[in-house]
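To start, the structure under review is shown below, and the notes come after it.
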Amino acid sequence: MQYREDRHGDGLSVLGYGCMRFSRKGGGIDLDKTEQELLTAYRAGVNYFDTAYIYPGSESALGEILERNGIRDKVNIATKLPQYLVRNIASLDKYFDEELSRLRTDRVDYYLMHHITDIAQWERLKTIGVIDWIDRKKASGAIRNIGFSYHGNTDNFLKVLSDYDWDFCQIQYNYLDETTQAGVAGLKAAAARGIPVIVMEPLRGGKLVNNLPEDAKRLIAGNPRGWSPSDWGLRWLWDQPEVTVVLSGMNSVAMVEENVHTASDAEVGAFTEEDRAFLQKVIGIIRTKEKVGCTGCRYCMPCPKGVDIPGIFASYNTMFTESRKSGRSQYFQTVALAAQSSFASQCIGCGKCELHCPQSLPIREKIQEAERALIPWPMKSIVKLGRKFMLRKK
């Protein structure tokens, strides 16, 4: 196993264990199977285990397995505050203490503000008193490192990143999300500040493995590298020095062993120009299913009325490269929950965006088409409720 350092010089395994997708049995987590998989990873050198308050049964299962095998102090636990449920300072302690109890520990090594999509959510937490709370927890040793996990657009990521002295951050990042969400711009901005980056969804929940177009699968199978689809996705990430840990939601021993093998020799600089060119061919095949030829360059931004043009198009394309559900979920997280309203309905048809688009896209027409598909009328009330819940004031 290879390791990369956090801000304090502690070594973190480049492969982290994502605990959201533990196998389930009889309505709960299959503890015996999960224990076997976790221990396989631990024995191979994995020392970063990521869970969250809202992953059903995950914290409790992780805590039980670590305690039962006497390895709690030999690994790092990362878990997350459900900031969207927090009402006041007392609820900060309530959720944190419950997590410690579930995890059977007296500290969290890497603690995240969960699912930040906009600077407004962080600002709300500050009005509650979260910074003083963090300071107290860190001083007592109950929290060793503080960070945030992020699912909004690049601009808001940069605002959250620069607003506090974070120890680390967690972003969705893969070769299809290079210019969406925090993106490569966010990754490099964090690295420039010396902030370690934990990567989630490196294979888009397995979609860059199991749901690849058949033409892409055949192309990969014929490459002389002999790498699997997951190899390509993971090696692309580990080639970047700004990436500290890549999380994988492993739920079989075979998957653990495959990813550990890849992590053992995937180094910065090992990805060649030929590899990059080949992966662009794979991406090109995936992109043929897209509805709009938007590259995410953001030349169309800022929109004078605040419309998130790249975010809308990225979500619309995901509906066709993956599934309608995936596209709408992405839209909900990156566009619908932005504190500053950024819907296509705000467009006044000025055409400024089209003057700057390198692809000469009919943006004004396409964003309306995209939004009709992303939020058909039955879903509009859900979007309104979601905004009210996630972006509520103190």
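Values below: all heavy atoms of this structure, side chains included; hydrogens, waters and symmetry mates excluded.
A donor-acceptor pair under 3.5 Å is absent between the side-chain atoms of Gln172 and the main chain of Tyr150, judged by distance alone. Formation of a donor-acceptor pair under 3.5 Å by the Asn69 side chain with backbone atoms of Ile71 is not found in this model. Judged by distance alone, the side chain of Gln83 and the main-chain N or O of Gln121 form no donor-acceptor pair under 3.5 Å. Side chain of Arg87 to main chain of Ile128: no donor-acceptor pair is present (N/O by atom type, distance under 3.5 Å, no hydrogens or angles). Although no hydrogens or angles enter the test, the distance criterion places a donor-acceptor pair under 3.5 Å between the side chain of Asn47 and the main chain of Gly11. The backbone N or O of Gly147 lies less than 3.5 Å from no partner atom in the side chain of Asp167, so there is not a single donor-acceptor pair. In this structure a side-chain-to-backbone donor-acceptor pair under 3.5 Å is present from Ser91 to Asn88. Using a distance-only test at 3.5 Å, with no hydrogens or angles considered, no donor-acceptor pair links the side chain of Ser342 to the main chain of Asp308.
Lys33 pairs with exactly one of Glu35, Glu37, Gln36 by the side chain to side chain donor-acceptor pair (under 3.5 Å) rule, that one being Glu37. Across Asp165, Thr244, Asn145, a single residue satisfies side chain to side chain donor-acceptor pair (under 3.5 Å) together with Arg7, and that is Asp165.
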Full working for salt bridge (charged side-chain N to carboxylate O under 4.0 Å, His left out) between Asp135 and Lys138
CA-CA 5 Å; Asp135 289 343; Lys138 291 185 76 172; over 6 Å; no
Between Ser23 and Asn251, does the side chain to side chain donor-acceptor pair (under 3.5 Å) criterion hold? Intermediate values first, please.
CA-CA 6 Å; Ser23 297; Asn251 55 17; 4.7 Å; no
Working for salt bridge (charged side-chain N to carboxylate O under 4.0 Å, His left out), residues Glu214 and Lys217:
CA-CA 5 Å; Glu214 290 303 316; Lys217 290 179 181 178; 3.5 Å; yes
Can Glu257 and Arg43 be said to form a salt bridge (charged side-chain N to carboxylate O under 4.0 Å, His left out), step by step?
CA-CA 11 Å; Glu257 291 174 342; Arg43 290 165 185 150; over 6 Å; no
Evaluation steps, salt bridge (charged side-chain N to carboxylate O under 4.0 Å, His left out), between Asp32 and Lys25:
CA-CA 10 Å; Asp32 292 338; Lys25 179 180 179 182; 6.0 Å; no
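For Arg68, the CZ atom is densely surrounded, since the number of other residues' heavy atoms within 6.0 Å is greater than 12. Dense packing is recorded around NZ of Lys94, with more than 12 heavy atoms of other residues, nucleotides or ligands lying under 6.0 Å away. Counted within 6.0 Å of NZ on Lys281, heavy atoms from surrounding residues, nucleotides or ligands total 12 or fewer; the atom is thus considered open.
The two residues Gly311 and Val335 come nearest to each other via the heavy atoms C-CG2, 3.7 Å. The minimum heavy-atom distance between Trp238 and Val14, with the atom names listed, is NE1-O, 3.0 Å. Heavy atoms only, all atoms of each residue included: Met250 and Met255 are closest at CA-SD, 3.5 Å.
Under the 4.5 Å side-chain criterion, counting only non-hydrogen atoms from C-beta, Arg328 is in contact with Pro376. The shortest side-chain heavy-atom distance between Val282 and Ile220 falls under the 4.5 Å cut-off. Under the 4.5 Å side-chain criterion, counting only non-hydrogen atoms from C-beta, Trp122 is in contact with Met113. When side chains are defined from C-beta on, Gln181 does not count as touching Ile171, because their heavy atoms never get closer than 4.5 Å. Residues Ile312 and Gln368 form no side-chain contact, since every pair of their non-hydrogen atoms from C-beta on lies 4.5 Å or further apart. For the pair Ile286 and Pro213, the minimum side-chain heavy-atom distance is below 4.5 Å.
Between Glu273 and Arg276 a salt bridge is recorded (basic side-chain N to carboxylate O distance below 4.0 Å). Ionic pairing of Lys126 and Asp163 is present here: one or more N-O contacts between side-chain nitrogen and carboxylate oxygen are shorter than 4.0 angstrom.
Counting only N and O atoms by type, the side chains of Tyr173 and Glu242 include no donor and acceptor under 3.5 Å apart. Residues Asp6 and Tyr110 have side chains that bring a donor and an acceptor to within less than 3.5 angstrom of each other. Of the N and O atoms on the side chains of Thr51 and Ser58, at least one donor lies less than 3.5 Å from an acceptor on the other residue. A donor and an acceptor atom, one from each side chain of Thr272 and Asp275, are located under 3.5 Å apart.
Side-chain heavy atoms closer than 4.5 Å link hydrophobic residues (I, L, V, M, F, W, Y) into clusters, and following such links, even through other members, never connects Tyr55 to Val245. Residues Val307 and Ile375 share a hydrophobic cluster, clusters being chains of Ile/Leu/Val/Met/Phe/Trp/Tyr side chains in contact below 4.5 Å. Grouping the Ile, Leu, Val, Met, Phe, Trp and Tyr side chains by contacts below 4.5 angstrom, directly or via other members, places Val246 with Val184. In the hydrophobic cluster analysis, where Ile, Leu, Val, Met, Phe, Trp and Tyr join through side-chain heavy atoms closer than 4.5 angstrom, Leu203 is grouped together with Ile283.
The aromatic ring centres of Tyr175 and Trp232 sit 6.0 Å or more apart. Taking the ring centroids of Phe148 and Phe157, they lie under the 6.0 Å cut-off.
Counting only residues at least two apart or in different chains, salt bridge (Lys or Arg N to Asp or Glu O under 4.0 Å) contacts with residues 45-57 comprise Asp50-Lys80.
Note: Arg364 CZ to Cys350 SG = 7.5 Å, rounded to the nearest 0.5 Å.
When the side chain to side chain contact (heavy atoms under 4.5 Å, CB included) test is applied to Leu355, no partner is found at least two apart in sequence or on another chain.
Under the 30°/60° scheme for interplanar angles, the aromatic rings of Tyr84 and His115 are found to stand perpendicular.
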